[in-house]
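Keep in mind that this is a model prediction, so the values were computed, not measured. What you see below is based on every heavy atom in this structure, not just the backbone, and it leaves out hydrogens, waters and symmetry mates. Throughout, protein chains are lettered first and strands after them, A, B, ... in sequence-line order, and every chain is numbered starting at 1.
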Number of protein chains: 2
Amino acid sequence: MNTEHRSGCPINLSLEVFGDRWSLIILRDMIFGGRRHFRELLNGSLEGIASNILADRLKRLMELGLLTKADDPSHKQKAIYSLTEMAITLVPIMAQLGAWGRVWLPVSEELSIRAELLEKGGPPLWEQFMDELRHEHLGAPVKTPPGTPTVRQKLQAAYEAAVARKAEATTA
Amino acid sequence: MNTEHRSGCPINLSLEVFGDRWSLIILRDMIFGGRRHFRELLNGSLEGIASNILADRLKRLMELGLLTKADDPSHKQKAIYSLTEMAITLVPIMAQLGAWGRVWLPVSEELSIRAELLEKGGPPLWEQFMDELRHEHLGAPVKTPPGTPTVRQKLQAAYEAAVARKAEATTA
DNA sequence: CAATCTGATTGCATTTTGCAATCAGTTGCA
DNA sequence: TGCAACTGATTGCAAAATGCAATCAGATTG
C-alpha cells in the first residue's frame, strides 16, 4: 500500500480514497444494489464501467481495506467481495451526497427516490441499514426483530413503485 | 456546460462534480481557510496544487455553479471568488468526510482537530457555520448575536492550540 | 522606472483512463 | 466426450488528465 500522502488533512485523505470517478460507484452498487460478484458489478452498473477499471478498483479498494475477497463455494472461479466495517460506515456520506445531489443536480425521479427515503429516515435509518450490511457482509447477528422488512427491501420497493408510476404515466 | 451524464443517480451526479483530486480541496480551502484569491489558493494549499490545475478547476466550478467571480475593488487585477449557496451546502458533506477520515485514515493531529470540533458540534454548528458563509460570500445578514465568536474563529483557535501543543511537545 | 505582485496561459513529459479484444480455467448441457 | 457459455480478470493502445517549469501582460509598489 502506498503510504505517501499529500497531507494529513482528513478531507484530503478521504479524497485520496474516493477522489476518482469509479470507486464510490462500485461501493454504491455493493451497498445499495447488494452486488457481490465481478460480473454483477460489471453488467449491473448503470454507468457502464469497463472491466479493467473494475478489476483495478476492486484491487485498490482491497488494498485500502474497504473490501475483502473470498472464494464462492458454488463456483471454483467465482469470488465474493465483502464490505468491511470501514466501507459500511460510508453510509452517512452516501446519504449526504445523495441528499445534496437531489437538491442541486439533474437527478432522475426513479433513481433519487432511494436517496430521498434515506434522507427522510435520517441517522436512525442509516444505523439500521449499516446493521443489515454488517449481517450480510461480516456475519454479525441481526438486531431487528424477525419479520421486519429490511432497509434495502424498503428502498427497492420504493424504487420499483417509482418505475411503475413512470411507466404508467408514459403509457396512459 | 456539458449536459452529458453517465446516469441520473444522485450519487453518480455528485461524483461527476467532485470525482477528482482537486475540486473539493479548493472548496475546503475556501470554506475553512477563508481563501478568496487565486494566489491564496495557490500558495496556501497544503497539497501543492499547480497553477494550471487551479485555473482549470476554478473555471469548472464556476461553470457548475459552485463559485462566482467578481472584481476586487482594491486591485484592478485581483479577482474575488465567492461560494454560492450550492457550495455552502457542502458543509455537511465536508463534516462527514472529515469524520470518516478521522476514524479510518492516518490523519495528523493538528489537521484533524477542526474535523473533530465540527463533528462534535453536529448539525447545529454546521448551520451556524453555513450562515456565516452566507454572510461572507452572499452578503446575507448575520443571525448570531454580535460579539459571538464565529465558527471559523473557533476552528482556527483550536487548530493553533494543537500546533502550539505539538511544538511544545517536541521542544520540551 | 525597476521590482514585485496579480491571475492566469503555454509547452511538454509523465501518468491515468477508457475501450476493445483477449485470456485460461470452470461449468452446464447435449 | 465435446463444446458453448460463463468466471474473473489481463493486455494493448489511443486519448485524456496531470504536474512541472517557464512565461505572460497589466497593475502596483518602492
Side-chain angles (χ1 to χ4, degrees), chain A residues 1-2 4-7 12 15-27 29-30 33 35-64 66-83, chain B residues 2 4-7 12 15-27 29-30 33-64 67-82:
Chain A
M1 190 54 240
N2 183 15
E4 286 175 44
H5 299 293
R6 302 190 297 187
S7 83
N12 171 60
L15 226 52
E16 288 185 18
V17 174
F18 313 118
D20 77 275
R21 299 175 88 68
W22 292 112
S23 298
L24 263 192
I25 292 289
I26 294 169
L27 291 166
D29 285 348
M30 291 190 67
R35 308 197 209 286
R36 309 289 297 264
H37 300 288
F38 191 94
R39 286 288 151 172
E40 287 177 329
L41 287 163
L42 186 64
N43 300 329
S45 157
L46 280 171
E47 289 83 13
I49 189 168
S51 66
N52 57 341
I53 307 283
L54 177 58
D56 179 80
R57 292 306 189 282
L58 286 173
K59 188 178 153 203
R60 188 168 165 272
L61 289 171
M62 282 191 288
E63 288 170 351
L64 287 166
L66 288 147
L67 297 180
T68 57
K69 186 178 172 179
D71 291 340
D72 186 330
S74 78
H75 189 303
K76 284 194 180 158
Q77 258 183 328
K78 248 177 175 169
I80 288 195
Y81 293 93
S82 296
L83 300 167
Chain B
N2 183 15
E4 286 175 44
H5 298 293
R6 303 190 297 188
S7 83
N12 171 61
L15 226 51
E16 288 186 19
V17 174
F18 312 120
D20 78 275
R21 299 174 88 67
W22 291 112
S23 298
L24 262 192
I25 292 289
I26 294 169
L27 291 166
D29 285 347
M30 290 190 67
R35 306 198 210 286
R36 309 289 296 264
H37 301 288
F38 191 94
R39 286 288 151 172
E40 286 177 331
L41 288 162
L42 186 64
N43 300 329
S45 158
L46 280 171
E47 290 83 13
I49 189 168
S51 66
N52 56 344
I53 307 283
L54 177 58
D56 179 80
R57 291 306 187 279
L58 287 173
K59 189 178 151 202
R60 188 167 165 273
L61 289 171
M62 282 192 287
E63 288 170 351
L64 287 166
L67 298 180
T68 57
K69 186 179 173 179
D71 291 340
D72 185 331
S74 79
H75 189 302
K76 284 195 181 158
Q77 259 182 329
K78 248 177 175 168
I80 286 197
Y81 292 93
S82 297

* To do: Check every strand shown and say whether B:K59 touches a base, only sugar-phosphate, or nothing at a heavy-atom separation below 4.0 Å.
  => nothing
* Quick one: is D:dA17 close enough that its OP1 or OP2 comes under 4.0 Å of any side-chain N or O from B:W22? -> no
* To do: Side chain of B:S51 only, please: which of C:dA21, C:dG7, D:dA22 is the nearest?
  => D:dA22
* Applying side chain to side chain contact (heavy atoms under 4.5 Å, CB included), name anything that partners B:S45, two or more places apart in sequence or on another chain. => B:D29, B:E47, B:I49
* Between A:H37 and D:dT7, is there a side-chain N or O to OP1/OP2 distance below 4.0 Å? -> no
* Has B:R57 got a side-chain N or O lying under 4.0 Å from the OP1 or OP2 atom of D:dT18? -> yes
* Between C:dG28 and A:K76, is there an OP1 or OP2 to side-chain N/O distance shorter than 4.0 Å? -> no
* Structure fact -> Checking C:dT17, D:dC20, D:dT10 against the side chain of B:N52 (C-beta onward), the nearest is D:dC20
* **Phosphate OP1/OP2 of D:dA17: any B:R21 side-chain N/O under 4.0 Å** => no
* Asked: Quick one: CG on B:D71 to CD on B:Q77, what's the gap to the nearest 0.5 Å?
  -> 11.0 Å
* Asked: Of the candidate nucleotides C:dA8, C:dT6, C:dC19, which contains the atom at the shortest distance from the side chain of B:Q77?
  -> C:dT6
* Asked: Closest to the A:D20 side chain: C:dG7, C:dT17, D:dC20?
  -> C:dT17
* Below 4.5 Å, heavy atoms only, C-beta onward: do A:M30 and A:L41 meet side chain to side chain? -> yes
* Asked: Can you find a side chain N or O atom of A:H75 that sits less than 4.0 Å from OP1 or OP2 on D:dC6?
  -> no
* Sub-3.5 Å donor-acceptor pair from the side chain of B:H37 to the main-chain atoms of B:Y81, do we have one? -> no
